[in-house]
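Residue numbers start from 1 in every chain, and the chains themselves are labelled A, B, ... in the order their sequence lines are given, proteins ahead of strands.
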Amino acid sequence: MFKSVGKRVPRFDGIGHVTGKTVYPSDLSMPGMLVCKTLRSPYHCTRIHFIDTTEAEKVPGVYSVITHKDVPHNLFSMVPDHHVLAEDIARYKGQNIVAVAAVDKSTALKALSKVKIEMEELPYVIDPVEAMKEDAPKVRPEGNLRVFDDVDTVRRIRRGDVEKGFAEADYIVEGEYWTPNQEHAPIETTASLAYLDGNGKLVIHSKTQGLYFTLGDLSNVFQLPLNKLKMVGATIGGAFGGQNSIHTDHIAGVLALKTGKPVKFHLTREEEMMYTTIRSAWRFKIKDGIKKDGKITARYVDVLEDCGAYTELGLYALEKNVNYIGGANKIENLAIDGRLVYTNKMPSGSMRGFGVNIGQYAEQVQTDKLARKIGISPFEIRLNNAFKEGDENHVGNPLVAVSGIETLQKVAKMAGVELPKEYQEMSSK
Amino acid sequence: MSKVLKFVLNGMPVKVVAEPQETLLQVLREKLSLTSPKCGCNHGDCGSCTVILNGKAVKSCMIIALTVEGKSVVTVDGLGTDGKLHPVQQAFHEYGAPQCGYCTPGMVMAATAFLNENPNPSYDEVKDALAGNLCRCGGYQKYVDAVMAVAKGEFGPIPKGSDVDV
Ligand code: FES
Ligand code: FES
């Protein structure tokens with residue numbers, strides 16, 4: 001019946017991979033290509049008093065040394081609050097401040113060593129809970145908590161009445177769950193090659209996962225109409241969400257425009273690990289009310305996302321998180337408070353699930369805890385509360401093609417778990 | 001002081017000017033435009049730059065180029081004969097081991113050198129042989145299974161001779 005399911009199907013591009021002929025962005029080069037290197041913030045929070053690039057520009061083989069003043073529009077990313085090159089304050093360790101394009105790597109590094117820069121280390125905050133305190137160092141001028149829709153620092157989801165639900169419960173079960181930051185760590189480090197074609201169009205060979213996101217974002221950075229900018233995607237050596245954020249395309253592009261020459265910006269392994277976007281760290285505090293028969297009567301979740309120093313994709317991740325953190329459970333009384341806090345760390349990117357499955361880690365561990373509390377199996381607690389066809393999810397959307405119960409029944413079978421008869425007979429219909 | 005370096009690359013003699021601090025990986029990628037060996041870390045940690053040097057798998061980012069004078073270097077480009085893939089390449093392809101493929105050239109070289117030395121390995125020996133090659137996409141098991149399949153002869157005999165062990 002199936003042509004492909006359950007069969008070994010070689011990849012359409014597999015021959016290129018096993019013969020080493022697949023070309024990745026980091027493999028590209030062009031005649032006369034310049035190499036880009038950047039000066040990065042040495043502290044978690046740095047005030048930049050002044051930058052003098054005169055001596056750096058004099059190094060033989062250097063074509064251009066740029067600061068934020070050379071960037072046509074210095075803000076980028078989905079929520080455009082991140083600087084292409086830092087202005088008066090660099091808000092995380094490793095933030096780009098100065099960029100050089102030179103004939104080769106050693107010349108570029110030599111030029112960077114000649115940049116005169118006066119900086120001062122400012123107080124910083126790394127811990128998201130500390131960052132929420134009144135007297136915490138300010139990561140961002142507008143405050144350390146993101147203000148949603150210009151009115152509120154809490155993103156709320158409300159359904160029913162949680163207090164009533166807790167009052168109806170036989171037990172209250174609480175849990176607190178933390179997840180750390182995580183680097184995507186693709187084996188190919190980020191690389192861009194930017195050049196001007198014969199008609200003056202800026203072409204960027206990019207490692208991006210979101211070619212059109214990047215195109216729109218960068219046309220703004222370069223202040224170029226879309227027909228003057230061409231993004232070229234490629235087979236890439238791993239992304240895992242990390243390439244939804246721009247790490248090298250913007251700076252390579254500005255330098256190509258400045259010099260009129262091809263410019264390659266290829267991160268080292270250290271730069272990739274230390275200074276690119278990461279999966280944000282999260283804290284979840286869950287309070288559940290549950291009946292002896294295993295029915296969840298109310299759930300309250302306090303979500304805290306550590307977004308790093310710039311919003312990047314952290315806002316998107318939080319929005320998705322609060323929508324899904326209630327889990328695949330029909331819960332009549334639900335309240336979720338989500339907060340996004342800025343700290344002096346690398347900005348939060350997307351990583352495998354945009355904040356959804358990281359929340360599921362907490363939700364699933366908590367659900368097991370509920371099962372233990374009332375002495376039923378992990379299958380039974382989930383089956384008792386599972387959504388059914390036509391139910392509304394926690395934010396009011398009708399659910400269609402629901403198959404949670406059938407999936408759990410199948411999992412139980414595969415795991416060799418014999419479910420009690422009434423659970424075997426349940427259905428999502 | 002730069003020097004003229006002569007060695008045999010995939011069976012062909014090559015001559016290239018190299019600096020004393022340059023690595024074999026740099027010379028292959030930047031001077032000879034051979035980009036199949038990848039530079040995942042430049043620190044000897046990831047294995048994406050693996051090539052076969054005089055029959056042994058080495059991490060080319062950890063080899064000073066001038067030390068390969070007179071030696072034989074084989075990259076993935078040197079495998080396979082008459083338009084046919086080497087059994088290790090064929091097996092990796094058919095097992096769907098590569099995903100993004102960035103680690104694959106290094107994996108192919110590590111596996112090929114290993115099978116030349118140990119044509120009848122145990123599963124654990126294969127795992128051990130590939131332990132220096134990171135795959136972030138996580139295809140480890142398929143890589144190991146594919147090497148076992150080659151060892152069992154599923155993909156035909158491994159060509160001997162000029163290819164690898166010069
Ligand atoms: S690049 Fe040589 S081991 Fe990673
Ligand atoms: S296939 Fe992507 S790193 Fe191995």
Side-chain angles (χ1 to χ4, degrees), chain A residues 4 6-31 33 35 103-106 109 182-191 193 207 209 233-243 264 266-274 351-352, chain B residues 10 19 21 26 29-31 33-49 51 61 75-80 83 85-109 111 133-139 142-143 145-146:
Chain A
S4 312
K7 305 213 169 55
R8 218 195 259 154
V9 183
R11 292 182 62 90
F12 73 99
D13 55 356
I15 297 284
H17 293 350
V18 297
T19 54
K21 292 200 165 47
T22 304
V23 176
Y24 299 85
S26 60
D27 293 333
L28 297 173
S29 63
M30 281 177 83
M33 182 179 85
V35 170
V103 283
D104 56 23
K105 186 175 101 183
S106 57
L109 291 174
Q182 190 183 0
E183 163 56 36
H184 310 81
I187 301 289
E188 181 190 32
T189 58
T190 312
L193 173 64
K207 208 190 155 204
Q209 279 176 268
T235 298
I236 58 172
F240 317 107
Q243 307 296 338
K264 184 163 175 184
H266 183 189
L267 298 186
T268 62
R269 171 55 54 191
E270 182 182 355
E271 288 177 309
E272 185 76 38
M273 300 303 282
M274 302 282 290
M351 186 173 192
R352 292 190 162 176
Chain B
N10 296 325
E19 308 295 324
Q21 76 281 9
Q26 269 178 300
R29 284 182 66 88
E30 293 166 22
K31 296 222 157 128
S33 297
L34 198 67
T35 56
S36 64
K38 305 299 180 197
C39 183
C41 69
N42 214 26
H43 276 81
D45 291 329
C46 74
S48 68
C49 64
V51 299
C61 70
T75 67
V76 72
D77 312 81
L79 297 187
L85 296 178
H86 186 279
V88 169
Q89 293 174 305
Q90 190 68 39
F92 282 2
H93 179 53
E94 285 189 26
Y95 271 69
Q99 290 181 53
C100 79
Y102 201 75
C103 66
T104 308
M107 287 279 189
V108 172
M109 300 322 281
N133 292 69
L134 299 182
C135 174
R136 178 64 173 97
C137 300
K142 287 181 175 178
Y143 277 122
D145 289 348

d(Glu19(B) CD, Ser106(A) OG) to nearest 0.5 Å is 9.0 Å
Counting heavy-atom pairs under 4.5 angstrom with chain B, the leader among Ile15(A), Thr22(A), Thr235(A), Thr189(A) is Ile15(A)
Correct closest heavy-atom pair for Leu85(B) and Thr19(A) would be CD2-CG2, 3.5 Å
So CG of Leu134(B) and CD1 of Ile187(A): to nearest 0.5 Å the spacing works out to 5.0 Å
Ranking Asp13(A), Val9(A), Val18(A) by heavy-atom pairs under 4.5 Å to chain B gives rank one to Val18(A)
Checklist entry - Is the closest side-chain heavy-atom distance between Asp27(A) and Lys38(B) below 4.5 Å? => result yes
Applying a strict 4.5 Å limit to non-hydrogen atoms, the region of Leu34(B) in contact with chain A is neither
Between Tyr102(B) and Ser26(A), the two heavy atoms sitting closest are OH-OG, 3.1 Å
message = Is it the case that atom NZ in Lys31(B) sees more than 12 heavy atoms from other parts of the structure closer than 6.0 Å?
response = yes
In terms of heavy-atom contacts, Gly20(A) and Pro105(B) come closest through CA-CG, 4.0 Å
Here the gap from Cys61(B) atom SG to Arg269(A) atom CZ, rounded to the nearest 0.5 Å, amounts to 11.5 Å
Cut-off 4.5 Å, heavy atoms of chain B, and the answer for Arg11(A) is both
Cut-off 4.5 Å, heavy atoms of chain B, and the answer for Ile236(A) is backbone
Answer key: most heavy-atom pairs under 4.5 Å with chain A among Ser36(B), Gly101(B), Cys100(B) is Cys100(B)
Correct closest heavy-atom pair for Arg136(B) and Glu183(A) would be NH2-O, 4.0 Å
